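Within every chain, numbering begins at 1; the chains are lettered A, B, ... in the order of the sequence lines, protein sequences first and strands thereafter. It should be emphasised that the depicted structure is a prediction, and the values quoted were computed from it without experimental measurement.
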Amino acid sequence: MSEFLHMGGYAVFVWPAYVAVMGVVVILGIQSWRSQKTLTAEAARLKQTMGEEEQH
Amino acid sequence: MMHRFANPTRFVRLADRMLPWLFIVTLGSFAVGLYMALITSPPDYQQGDSVRIMYVHAPSAWMGLFGYMVLAGASFASLVWRHPLADAAAKASAPIGAAFTGLALLTGSLWGQPMWGTWWVWDARLTSMLVLFFLYLGYMALWSAIEDRQKASKAAAILALVGAINVPIIKFSVDWWNTLHQPASIMRQGGPSMDSAMLWPLGIMFVAFNAYYAMVLMWRIKAELAARKIETLRYNQAARQEGPAARQEGPAARQEGQAVLEEGS
Amino acid sequence: MPLVTKGPKPSQRKRRRLVMILSAMAVLALAAGLVLRALNDNLVFFMAPSDIQAGKIEPGRQFRLGGLVAENSVTKAADGLTIQFIVTDLVNETPVRFRGLLPDLFREGQGVIAEGRLDESGTFVATSVLAKHDEKYMPPEVAEALRKSGKWEEGSAGGDSP
């Protein structure tokens with residue numbers, strides 16, 4: 001295990017590279033999913049309330 | 001045919017069907033790819049374990065480049081055919097491509113220091129990649145700087161097309177000029193110059209990155225389309241409250257309508 | 001909808017936009033190509049020993065020298081820090097002197113790029129040495145097997161010949 005973490009002496013270069021890539025991938029993914037979810041819901045809600053107004 | 005597919009509602013329906021699958025492919029290939037890249041793949045005969053940076057560096061650089069190709073292609077379609085979906089796709093691709101370009105620069109730096117002996121050099125490949133990063137930033141800055149959506153879309157699309165000239169320069173920089181960066185290992189004449197024990201993990205990481213890009217791009221296009229829908233719905237609502245006169249008066253009435261909106265929110 | 005009702009039809013306008021954008025891009029590509037051609041000399045990151053031989057470098061000018069470290073040419077000076085080696089492009093050779101830390105990839109037969117200037121004796125005095133790695137990736141055992149079977153192409157290991 002410690003050999004794995006050591007990365008043949010390149011640990012200080014290999015691990016930051018992987019942490020940065022996976023960190024950005026996860027954060028960008030979550031942010032994109034969340035904004036899509038809330039905006040789609042908001043659009044549906046607005047459309048519905050407007051449809052109700054129309055019927056009056 | 002193209003316009004059938006390019007219909008925003010149809011797109012959202014198609015995306016909603018594909019997204020669960022893309023999510024599974026992304027998660028699965030990342031799990032397998034990372035496992036192989038970090039654990040089962042061998043060290044390089046010259047670079048030792050530092051070669052493992054390649055498994056995230058090369059796909060990041062590719063996504064940065066591919067994201068720009070999508071951005072430029074969609075900008076072209078948006079300029080010529082004025083299609084809202086193309087416009088949304090171009091805008092959605094920019095942050096993803098920018099993120100990967102930044103990651104390619106960062107991981108390349110972390111690889112270059114131990115191997116080349118330097119974090120950074122101004123050779124043709126590294127410099128053209130930095131230019132790509134700035135093109136993305138400029139594109140996004142234009143979108144946020146110009147308030148009128150149509151004007152912003154046009155200006156950003158023109159910038160995207162002008163910058164597209166950088167794409168072949170990045171690809172061929174290592175062949176055209178002497179650079180510190182090595183030439184291509186995979187997409188080259190005579191087949192890849194990489195052992196299969198390394199080619200497999202790299203290939204799986206490429207699948208993971210591409211599936212991830214497609215997935216996030218769809219999410220962002222959906223978000224963009226929804227945001228536009230909200231904008232028109234709010235405008236219509238405001239216009240109706242103002243009465244029919246406001247609707248016919250054009251831009252001035254529109255601005256008024258928006259002012260009402262902002263007060264209300 | 002556009003306010004102007006007169007003028008060309010939408011389909012014609014689209015075609016005109018298409019032609020206009022395509023021709024603008026063609027002109028731009030041409031211009032970029034010309035600029036790159038003009039810049040060609042500045043975009044070259046390093047010179048080869050043959051370029052020195054051809055007299056492309058005026059004496060005393062700082063430049064980058066690239067090539068392969070010749071086999072059996074690396075020697076360490078008595079102070080233990082200064083090293084000397086020969087850079088070759090397989091046609092011409094240039095001796096190099098360097099004092100400082102070398103990158104991990106530096107070894108004989110490997111590509112390097114040194115920055116510095118020529119002294120009076122024709123030795124390149126380097127202020128920095130960068131290692132260039134090639135596009136080949138393989139596990140150590142495979143490299144060993146290739147060497148044993150004689151399929152190893154010596155010299156190509158250092159990357160491109162300039």
- [ ] Please round to the nearest 0.5 Å and tell me the distance separating atom CD of C/E144 and atom OH of B/Y45.
- [x] 12.0 Å

Open item on the list: Let me confirm one number: the CE-CD distance from C/M138 to B/Q47, rounded to the nearest 0.5 Å.
Closed with: 11.0 Å

Task: Structural part of C/R107 lying under 4.5 Å from a heavy atom of chain B - done: side chain

- [ ] Tell me, out of C/G33, C/A29, C/A24, who's got the most heavy-atom pairs with chain B below 4.5 Å.
- [x] C/A29

Open item on the list: If I measure from the heavy atoms of chain B, does C/L18 come under 4.5 Å with its side chain, its backbone, both, or neither?
Closed with: both

TODO: Answer yes or no: are there more than 12 heavy-atom neighbours, outside B/W143 itself, under 6.0 Å from its atom CH2?
DONE: yes

TODO: Would you mind telling me which of C/L22, C/L102, C/L101, C/D104 has the largest number of heavy-atom pairs within less than 4.5 Å of chain B?
DONE: C/D104

Open item on the list: For B/K154, I'd like to know if atom NZ has over 12 heavy atoms of other residues, nucleotides or ligands within 6.0 Å.
Closed with: no

TODO: Might you point out which heavy atoms bring B/M115 and C/P103 nearest each other, and give the distance in Å?
DONE: O-CB, 3.6 Å

Task: Backbone of B/T179 reached by a side-chain donor or acceptor of C/K132 within 3.5 Å - done: yes

Open item on the list: Just checking C/Q62: does its CD atom have more than 12 heavy atoms from other residues, nucleotides or ligands closer to it than 6.0 angstrom?
Closed with: yes

- [ ] Among B/T127, B/L199, B/V162, single out the residue with the greatest number of heavy-atom pairs under 4.5 Å to chain C.
- [x] B/V162

TODO: Determine whether more than 12 heavy atoms belonging to other residues, nucleotides or ligands lie under 6.0 Å from atom CZ of C/R15.
DONE: no

Task: Spatial distance of atom CG (B/L180) from atom CD1 (C/I113) [nearest 0.5 Å] - done: 4.5 Å

- [ ] For residues B/Q182 and C/D134, determine if any side-chain heavy atom of one lies less than 4.5 Å from a side-chain heavy atom of the other.
- [x] no

Open item on the list: Counting only non-hydrogen atoms closer than 4.5 Å, does B/M198 touch chain C with its backbone (N, CA, C, O), its side chain (CB onward), both, or neither?
Closed with: side chain

TODO: Taking atom CE of C/M20 as the centre, report whether more than 12 heavy atoms of other residues, nucleotides or ligands fall under 6.0 Å from it.
DONE: no

- [ ] Give the minimum heavy-atom separation between B/P43 and C/P140, together with the two atoms involved.
- [x] O-CD, 3.2 Å

Open item on the list: Please classify the contact between B/I169 and chain C as side chain, backbone, both or neither, with a heavy-atom cut-off of under 4.5 Å.
Closed with: side chain

Task: Nearest-0.5 Å distance that lies between atom NZ in C/K14 and atom CG in B/L79 - done: 13.0 Å

Open item on the list: Tell me the closest heavy-atom pair linking B/S185 and C/E135, and the distance in Å.
Closed with: OG-O, 2.7 Å

- [ ] Heavy-atom distances under 4.5 Å only: say whether B/I165 touches chain C with side chain, backbone, both or neither.
- [x] side chain

